[in-house]
Amino acid sequence: MGFIQVSRGTRDILPEEVIYWQHVEATARELLQQAAYRELRTPIFEQTNLFERGIGEATDVVGKEMYTFNDRGDRSITLRPEGTAGAVRAYIENKLYAQGGVQRLWYIGSMFRYERPQTGRQRQFHQIGVECLGSIDPRADAEVIAIAAQLLQSLGVPEWTLSLNSLGTSEDRQRYRDALVNYLDQYKDDLDPDSQDRLQRNPLRILDSKDAKTQEIAKAAPNILGYLDTDSQQHFDRVQQLLTDLDIAYKLNPCLVRGLDYYTHTAFEFELDGLGAQATVCGGGRYDGLVTELGGPDTPAVGWAIGMERLILLLQNAELTLNQSLDFYCVARGLEAEAQALILCQNLRKQGFSVEMDLSGSTFSKQFKRADRSGAIACVILGETEACDRTVQLKWLISGEQESLLQKDLINQSQQLREKLMATKSANSSS
RNA sequence: GCGGGCGUAGCCAAGAGGUUAAGGCAGUGGAUUGUGGUUCCACCACUCGUGGGUUCGAGUCCCAUCGUCCGCCCCA
């Protein structure tokens, strides 16, 4: 048809849906501010090797999902596939560590991964993330998990599952990996083809396979928790104890392996029902080695990212009704009345009211129909008579009652007006 | 990247090779030129995602392509 559509895996978020986005953003902002996290904004693209080094060359994200291109200066640039690498880069580059102590940061924004789109999986998607840098204390792990749980709760997400695992130090992980490969090698021929493939590349993933036979084999595989050194074990025990103290339910999942190389110790995921294969709405963990890996001072850190699309899909499924409220709808007829109405609308807005003005110029009957549909609490009416004596009709759309008052009184008595609006609104929403 | 399902109006859809493409919701106009939510009437797809092909004839069959959905891989 010759019409140019949006790119695959991207989409427009229309006003009706934006309401949900704003709701999530506002809730997150407030909550993160309460928890003393400060917002960080980093560029949407970075040098490609930041991600290669930070996320790990062997990962799928780096290996096959990045939006990478050369710019006009022949630099290799990548649209960020996740937020942590950029946040850590900014932390190092701006020497935030020099401020001493713990840096609590959060971010919100678009991420990009070249994948096959599905519901809850876009090529451009959005994450809210937190990074708590500079503390090895298990309380930091518990804190970030608690914040994620609180956010889900504040948003009215009814049910979720928190899965928890520890990957130990990178040494623990290496020892475990060797043991696992050793074990799985015996059954190499019985594994599903995908898993055979992963044996060298990413053996920990095999534990998570959906293939029945592989699952059977994985059941008897060595457990990572048996390979943690004393410190790792203590850390993990403490995290679990703190979560219990916080009354946050979790289940241990030794198969939980996060896909990015930088994770150490605590790894966790929040899963929701009703999102099909995209159940994971929040994933995170500790990444004690990443800051040094990227050239900064040795700095332990823990964080997570929430997938906003997935979260919002769920909120929409729950039919949580959110509307942008409107105080007044203004109708007018006749040149002079229309001019006065425009001024009146502006004055009402200056008083803090939300006002929509009808621009159709059609009959009052039509304009009222639109007033009704707009969801406004009251309708401001200006016709020729009102224009002549500088009055206005104010009609309360729910009760149908109508009053006449001077235009200047409508503005001067804004406090009474506000109270009446509030009363009408709450009476209506409670009935 | 692999396997499968589906694309008819803004939305939900009927249609299964044969003249003019049901219906509903929404929208617009009117009944009602100063008063909404109900009702009634009218209008609202030269065309079935797009491009080819088969056929006397294609929304319907075939191929390609794009998009979307489901699963895998992977991830938020």
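All figures in this text were calculated on a predicted structure; none of them were measured in a lab. All chains are named by letter (A, B, ...) in the order of the sequence lines, taking the proteins before the strands, and each is independently numbered beginning at 1.
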Quick note, A/Leu260 side chain, CB onward, closest among B/rG34, B/rA76, B/rG37 is B/rA76
Quiz prompt | A/Phe368-B/rU35 aromatic stacking (under 5.5 Å, under 30°) | solution = yes
Produce the list of close N/O pairs, under 3.5 Å, pairing protein atoms with atoms of nucleotides 69-73 of chain B; give distances to one decimal.
{"unit_1": "B/rC69", "atom_1": "O3'", "unit_2": "A/Thr119", "atom_2": "OG1", "d": "3.1"}
{"unit_1": "B/rC70", "atom_1": "OP1", "unit_2": "A/Thr119", "atom_2": "OG1", "d": "2.9"}
{"unit_1": "B/rC70", "atom_1": "OP2", "unit_2": "A/Thr119", "atom_2": "N", "d": "2.9"}
{"unit_1": "B/rC70", "atom_1": "OP2", "unit_2": "A/Thr119", "atom_2": "OG1", "d": "2.7"}
{"unit_1": "B/rG71", "atom_1": "OP1", "unit_2": "A/Ala277", "atom_2": "N", "d": "3.3"}
{"unit_1": "B/rG71", "atom_1": "OP2", "unit_2": "A/Gln118", "atom_2": "NE2", "d": "3.3"}
{"unit_1": "B/rC73", "atom_1": "OP2", "unit_2": "A/Lys210", "atom_2": "NZ", "d": "3.4"}
{"unit_1": "B/rC73", "atom_1": "N4", "unit_2": "A/Arg121", "atom_2": "NH1", "d": "2.5"}
{"unit_1": "B/rC73", "atom_1": "N4", "unit_2": "A/Arg121", "atom_2": "NH2", "d": "2.7"}

Re B/rG7: Watson-Crick or G-U wobble partner, both distances kept under 3.5 Å, found to be B/rC66
From the candidates B/rC66, B/rG1, B/rU35, the one with an atom nearest any side-chain atom of A/Gln5 is B/rC66
Checklist entry - Is the cationic atom of A/Arg80 (NZ for Lys, CZ for Arg) positioned less than 6.0 Å from the six-membered ring centroid of A/Phe51 and within 45 degrees of its normal? => result no
Q | Under 3.5 Å donor-acceptor pair, A/Gln367 side-chain atoms to B/rU35 base atoms | A | no
Between CD of A/Glu384 and P of B/rG34 the distance, given in whole Å, is 9 Å
For B/rU20, the nucleotide meeting Watson-Crick or G-U wobble distances (both under 3.5 Å) is none
* What about A/Thr385, does its side chain sit under 3.5 Å from the base of B/rG34 through a donor-acceptor pair? -> yes
Just to confirm, is there a sub-4.0 Å distance from OP1 or OP2 of B/rA76 to any side-chain nitrogen or oxygen of A/Arg310?
no
B/rC75 -> Watson-Crick or G-U wobble partner, both distances under 3.5 Å, gives none
Residues passing the ring pair (Phe, Tyr, Trp, His ring centres under 6.0 Å) test with A/Tyr227, sequence neighbours excluded, are A/Tyr176
Reading nucleotides 26-31 of chain B from 5' to 3' and marking B where a protein heavy atom lies under 4.0 Å of the base, S where only the sugar-phosphate is that close, and - otherwise, the string is -SSSB-
